[in-house]
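Just so it is clear, the values below take in all heavy atoms, side chains as well, and ignore hydrogens, waters and symmetry mates.
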Amino acid sequence: MIVDAHCHVWPDHIAAKVLAGRPADLDPVHDGTIAGLRRTMDAAGVDHAMCLGVANVARTVERTNEFIGSLDRSRFTPFGTVHPDLPAEVNLKSLRDHGIRGVKLHPMFQDLSFADPRVLELLAALAGEGITVIAHVGEAGEGAGDKAAPRHVRAALDQIPDLTLITCHFGGYHRLDEAEEFLVGSRAILETSWPPRLADLDAARLRRIIDRHGADRVVFGSDWPMADPAAEIAAVRALGLDPAAEQAILGNNLARLLGLDRHDPL
């Protein structure tokens, strides 16, 4: 089984507009729609995907969760959105109302910092509900400073011991040295996406990171539609991991986390 932890989707009528506003150095290779994701998954051999919703501002939290929560659960696991400008209970109610058990945080688009006490309070509330969080970690765009810095994410993990946190981009997009210092070897779950191509990273370095962190705490992610899952799967396979570790990363670890091997998936 191959499971993709990192797929951004939008309603058909706004997908093209949203993607037109992506960073200039990240050109989408797919269209951002649910139908487009299905086609891509079928072509790449991806069995299941986490679909991520991100509300840039508080007023769009509810409608984002309504859309994400409506997806076909046989193929997709919805990861909804929260915003620190809303009270924790309002965020939690929106997730409950739409049956969502996972959340995506994105400092780049939500203008939030992992050092902000409001974000830490929100993370603690999510952890208290058993809600898994996946977060962009590392560089967060021009002028963002340290909002998504690996050291702040590590501090959040230390402060909230029951938080289940998937850290995108091996825990440090374009800040891999910091990720190795603060997150590799921690209880964070590392995710493999590195748009536009994971193959741009040194394979020997990635093998060392995986060996140190433990392949059982690494999950595959493509960052669709900014990267192509087939190419990213090939890049993971090209690392030369042993077969058990490779399959754990490509699907088994995430299937276990999401409960895809049970009757009560996340």
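- In this structure, the side chains of Trp224 and Leu52 stay at 4.5 Å or more apart for every pair of heavy atoms.
- Within the 4.5 Å cutoff, no side-chain heavy atoms of Leu95 are placed close to those of Asn91.
- Pairing each heavy atom of Ala179 with each of Pro150, the nearest pair is N-CG, 3.9 Å.
- In this structure, Asp223 does not pair ionically with Arg197, as no charged nitrogen and carboxylate oxygen lie closer than 4.0 Å.
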Step by step, work out the side chain to side chain contact (heavy atoms under 4.5 Å, CB included) result for Val218 and Ile209.
CA-CA 10 Å; Val218 180; Ile209 287 173; over 6 Å; no

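- Note on Leu71: it clusters hydrophobically with Val103, by side-chain heavy-atom contacts below 4.5 Å among ILVMFWY residues.
- Between Ala188 and Leu183 the shortest heavy-atom distance is CB-CD2, 4.3 Å.
- One hydrophobic cluster, built from ILVMFWY side chains closer than 4.5 Å, cannot hold both Val46 and Val29; they sit in different ones.
- Residues Val18 and Val61 do not share a hydrophobic cluster, defined by chaining ILVMFWY side chains whose heavy atoms lie under 4.5 Å apart.
- Closest approach of Ser94 and Asn65 over heavy atoms only: OG-ND2, 2.9 Å.
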Side chain to side chain contact (heavy atoms under 4.5 Å, CB included) evaluation trace for Leu112 with Lys147:
CA-CA 7 Å; Leu112 59 83; Lys147 288 180 179 178; over 6 Å; no

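- By the 4.0 Å N-to-carboxylate-O rule, Arg154 lies too far from Glu181 to be salt-bridged with it.
- Remark: the Glu232 side chain and the Ser222 side chain contain no N/O donor-acceptor pair separated by less than 3.5 Å.
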Can you list the steps and then say if Asp47 with Arg75 is a salt bridge (Lys or Arg N to Asp or Glu O under 4.0 Å)?
CA-CA 7 Å; Asp47 299 288; Arg75 201 77 191 275; over 6 Å; no

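- The number of heavy atoms from other shown groups lying within 6.0 Å of CD (Glu129) is above 12.
- Rounding to the nearest 0.5 Å gives a distance of 5.5 Å between CD1 of Ile160 and CG of Leu120.
- To the nearest 0.5 angstrom, His106 atom NE2 is 7.5 Å from Cys168 atom SG.
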Walk me through it: do Glu89 and Arg96 pass the test salt bridge (Lys or Arg N to Asp or Glu O under 4.0 Å)?
CA-CA 10 Å; Glu89 185 52 39; Arg96 291 189 203 109; 2.7 Å; yes

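- Proximity of the aromatic rings of His6 and His169 is defined here by a centroid distance below 6.0 angstrom, and this criterion is met.
- Contact of the Thr132 side chain with the Phe79 side chain is registered, since non-hydrogen atoms from C-beta on lie closer than 4.5 Å.
- Between Arg73 and Pro78, the closest side-chain pair of non-hydrogen atoms falls below 4.5 Å.
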Please test Leu260 against Met1 for side chain to side chain contact (heavy atoms under 4.5 Å, CB included), starting from the C-alpha separation and ending with a verdict.
CA-CA 10 Å; Leu260 300 178; Met1 173 179 259; 4.2 Å; yes

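- For the pair Leu258/Val3, a side-chain contact is recorded, criterion being any heavy-atom separation below 4.5 Å from C-beta on.
- Leu157 is not listed as a side-chain neighbour of Phe182, based on a closest heavy-atom distance of 4.5 Å or more.
- With respect to the salt-bridge test (charged N to carboxylate O, under 4.0 angstrom), the residues Asp72 and Arg38 qualify.
- Side-chain atoms of His48 and Thr77 form a donor-acceptor pair, as typed in the model, at a separation below 3.5 Å.
- For the pair Arg39 and Asp31, the minimum side-chain heavy-atom distance is below 4.5 Å.
- Interatomic distance, Phe109 CZ to His136 NE2, rounded to the nearest 0.5 Å: 8.0 Å.
- Classification of Asp85 and Arg118 as a salt-bridged pair holds, one side-chain N sitting under 4.0 Å from a carboxylate O.
- Taking CD1 of Ile249 as the reference point, atom CD of Glu191 lies at 11.5 Å (rounded to 0.5 Å).
- A continuous path of ILVMFWY side-chain contacts below 4.5 Å connects Phe170 to Leu241, so both sit in one hydrophobic cluster.
- More than 12 heavy atoms of other residues, nucleotides or ligands lie within 6.0 Å of CZ in Arg187, so this atom counts as buried by the packing criterion.
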Give the intermediate values and the outcome of salt bridge (Lys or Arg N to Asp or Glu O under 4.0 Å) for residues Arg207 and Asp211.
CA-CA 6 Å; Arg207 286 194 298 271; Asp211 286 345; over 6 Å; no

Please walk me through it: do His8 and Lys104 pass side chain to side chain contact (heavy atoms under 4.5 Å, CB included)?
CA-CA 10 Å; His8 296 280; Lys104 172 66 186 280; 3.3 Å; yes

Check the pair Asp146, Arg175 against salt bridge (Lys or Arg N to Asp or Glu O under 4.0 Å), reporting the backbone distance first and the verdict last.
CA-CA 11 Å; Asp146 286 342; Arg175 298 177 75 158; 2.8 Å; yes

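- Residues Tyr173 and Trp194 place their aromatic rings such that the two centres sit under 6.0 Å apart.
- Between Cys7 and Ala49, the closest heavy-atom pair is SG-CB, 3.9 Å.
- In the hydrophobic cluster analysis, where Ile, Leu, Val, Met, Phe, Trp and Tyr join through side-chain heavy atoms closer than 4.5 angstrom, Val54 is grouped apart from Leu86.
- The CG atom of Leu190 sits 10.0 Å away from atom CG of Leu165, with the distance rounded to the nearest 0.5 Å.
- Scanning both residues, Cys51 and Ile34, for their nearest heavy atoms gives SG-CD1, 4.4 Å.
- By the 4.5 Å heavy-atom criterion applied to side chains, Asp27 and Pro196 are not counted as neighbours.
- Side chain to side chain, Trp10 and Thr33 fail the donor-acceptor criterion of an N or O pair below 3.5 Å.
- What you find for Ala148 and Val153 is that their closest heavy atoms are O-CG2, 4.5 Å.
- For the atom pair CG of Leu239 and CG of Leu206, the computed distance is 5.5 Å after rounding to the nearest 0.5 Å.
- Of the residues Ile2, Thr40, Leu37, the one that meets the side-chain contact (heavy atoms from CB on, under 4.5 Å) test with Pro229 is Thr40.
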